[in-house]
Structure formats: structure tokens, C-alpha cells
Amino acid sequence: QVQLVESGGGLVQPGGSLRLSCAASGDTFLITGMGWFRQAPGKQRDLVASITRSGITQYGDSVKGRFTISRDNAKNTVYLQMNSLKPEDTFVYLCVADSASGPSTWGQGTQVTVSS
């Protein structure tokens with residue numbers, strides 16, 4: 001099994017920056033892709049960014065050019081650098097790790113609030 005622990009959320013003013021971290025533990029050798037989704041209460045989860053073990057990235061249209069995902073395979077950690085934050089970026093951000101064997105693992109989520 002894989003466990004994920006997210007950190008780095010909080011309150012930031014519009015135009016500000018935050019960096020989210022997601023550390024994986026357990027059977028990390030099974031992890032293939034990792035990524036971030038975001039979700040509002042009662043809404044579906046939307047892709048923010050994803051990265052494969054080899055470093056291929058994908059971004060949601062609304063964050064392209066502002067957010068950057070990166071991954072440290074040695075630390076089993078994925079990061080999401082969020083710049084030029086807007087109020088509409090206010091969501092719970094969830095980390096996900098895809099597995100070579102079995103279902104994906106989700107983190108507990110971290111709140112990001114962009115407000116003046």
C-alpha cells in the first residue's frame with residue numbers, strides 16, 4: 001500500500017504564490033504517475049497537473065503557465081508550485097499516486113484559499 005501526506009496549503013492574497021508538497025510512503029516502488037486534482041464541495045475533481053516517473057507533465061487549461069509540477073523520485077515527493085494565484089484557484093487540492101498494481105491512492109487534501 002501507498003500512503004500520501006500533503007502539505008503547504010493555506011491562505012494567500014491574489015497574485016501570490018504557494019508550494020504544495022505530497023510525500024509518499026509505503027510501497028513507493030509501485031508508484032507510476034503522480035499528480036494533483038482540485039475539488040470544490042459537491043463538485044467533481046478536476047485535474048490540475050500530473051507527472052510521470054520519467055518527468056512527462058500535463059496541466060489543466062486553467063493553470064497552464066502559472067503552476068508547475070515537479071517530482072523528486074529519490075524522496076518520493078511531488079511538488080506543485082502555484083504562482084499568480086487567483087480567487088478562482090480556491091479549492092481543496094488532492095494529491096494522487098497511480099499504481100502499477102491496484103487502484104490509485106489519494107491524499108486527504110489540503111485547502112488553498114486565495115483572498116484579499
Side-chain angles (χ1 to χ4, degrees):
Q1 289 185 337
V2 172
Q3 296 82 40
L4 301 175
V5 177
E6 299 134 328
S7 60
L11 173 64
V12 64
Q13 292 187 343
S17 298
L18 281 175
R19 189 176 84 151
L20 305 182
S21 298
C22 175
S25 61
D27 295 333
T28 57
F29 64 94
L30 292 173
I31 296 174
T32 55
M34 295 185 72
W36 293 91
F37 282 69
R38 61 190 189 184
Q39 185 175 29
K43 303 292 186 180
Q44 69 177 22
R45 294 174 181 174
D46 292 323
L47 174 69
V48 177
S50 65
I51 186 167
T52 66
R53 182 171 285 275
S54 60
I56 298 172
T57 58
Q58 181 181 0
Y59 293 92
D61 288 340
S62 61
V63 306
K64 286 179 181 177
R66 300 187 298 123
F67 292 10
T68 303
I69 190 169
S70 60
R71 181 172 176 171
D72 186 333
N73 289 331
K75 295 182 178 180
N76 296 307
T77 300
V78 64
Y79 305 96
L80 184 68
Q81 178 66 43
M82 305 185 293
N83 298 328
S84 301
L85 283 161
K86 306 174 182 179
E88 52 263 43
D89 293 317
T90 297
F91 289 96
V92 174
Y93 285 71
L94 301 112
C95 178
V96 62
D98 292 331
S99 174
S101 174
S104 299
T105 299
W106 291 87
Q108 80 283 359
T110 185
Q111 177 69 45
V112 172
T113 301
V114 185
S115 175
S116 56

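All residue numbers in this chain count up from 1 along the given sequence.
Across every non-hydrogen atom of P14 and S116, the tightest pair is CD-N, 3.7 Å. Counting all heavy atoms, side chain and backbone alike, Q81 lies closest to N83 at NE2-OD1, 2.9 Å. Across V2 and A24, no two heavy atoms sit closer than the pair CG1-CB, 4.3 Å. Closest approach of R71 and I31 over heavy atoms only: NH2-CG2, 3.6 Å.
In this structure, L47 is not a member of the same hydrophobic cluster as Y93, with clusters built from ILVMFWY side-chain heavy atoms closer than 4.5 Å. No single ILVMFWY cluster, assembled from side-chain heavy atoms under 4.5 Å apart, contains both W36 and Y79. Under the 4.5 Å side-chain heavy-atom criterion for Ile, Leu, Val, Met, Phe, Trp and Tyr, V48 and V112 are members of the same hydrophobic cluster.
Rounding to the nearest 0.5 Å places CG of N73 at 9.5 Å from OG1 of T28. Rounding to the nearest 0.5 Å places CG of L4 at 12.5 Å from OG of S21. For the atom pair CZ of R38 and CG of L20, the computed distance is 11.0 Å after rounding to the nearest 0.5 Å. Atoms CD and CD1, from Q58 and I51 in turn, are 11.5 Å apart once rounded to the nearest 0.5 Å. To the nearest 0.5 Å, the span separating CE on M34 from OG1 on T105 amounts to 9.5 Å. How far OG of S101 is from CG of L30: 6.0 Å, rounded to the nearest 0.5 Å.
With a 4.5 Å cut-off on side-chain heavy atoms, T90 and Q111 count as touching. Two residues are said to be in side-chain contact when any heavy atoms from C-beta on lie closer than 4.5 Å; L85 and F67 meet this criterion. Annotation: side chain of R66 is in contact with side chain of D89 (closest heavy-atom distance under 4.5 Å). You'll find the side chain of L94 reaches within 4.5 Å of the side chain of Q39, heavy atoms only. Side chains of L80 and M82 form a contact here, defined as non-hydrogen atoms less than 4.5 Å apart. Taking the side chain as every heavy atom from C-beta outward, S25 and N76 never approach each other to under 4.5 Å. At least one side-chain heavy atom of V78 sits under 4.5 Å from a side-chain heavy atom of C95.
Side-chain N or O atoms of D98 include none that pairs as donor or acceptor with a backbone N or O of S104 at under 3.5 Å. Between the side chain of E6 and the backbone N or O of G109 there is at least one donor-acceptor pair closer than 3.5 Å.
The aromatic rings of F37 and W106 sit perpendicular to each other, their planes meeting at more than 60°, with 30° as the lower class boundary.
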Assess whether side-chain contact (heavy atoms from CB on, under 4.5 Å) is satisfied between L11 and S115, documenting all intermediate values. CA-CA 7 Å; L11 173 64; S115 175; 4.2 Å; yes

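Summarising the local packing, CD of E88 is surrounded by more than 12 heavy atoms from other residues, nucleotides or ligands at distances under 6.0 Å.
Between S54 and T52, the side chains place a donor N or O and an acceptor N or O closer than 3.5 Å (distance only, hydrogens not considered).
In this structure A100 satisfies the side chain to side chain contact (heavy atoms under 4.5 Å, CB included) test together with T32, sequence neighbours excluded.
The salt bridge (charged side-chain N to carboxylate O under 4.0 Å, His left out) analysis of residues 49-64, with sequence neighbours excluded, yields the pairs D61-K64.
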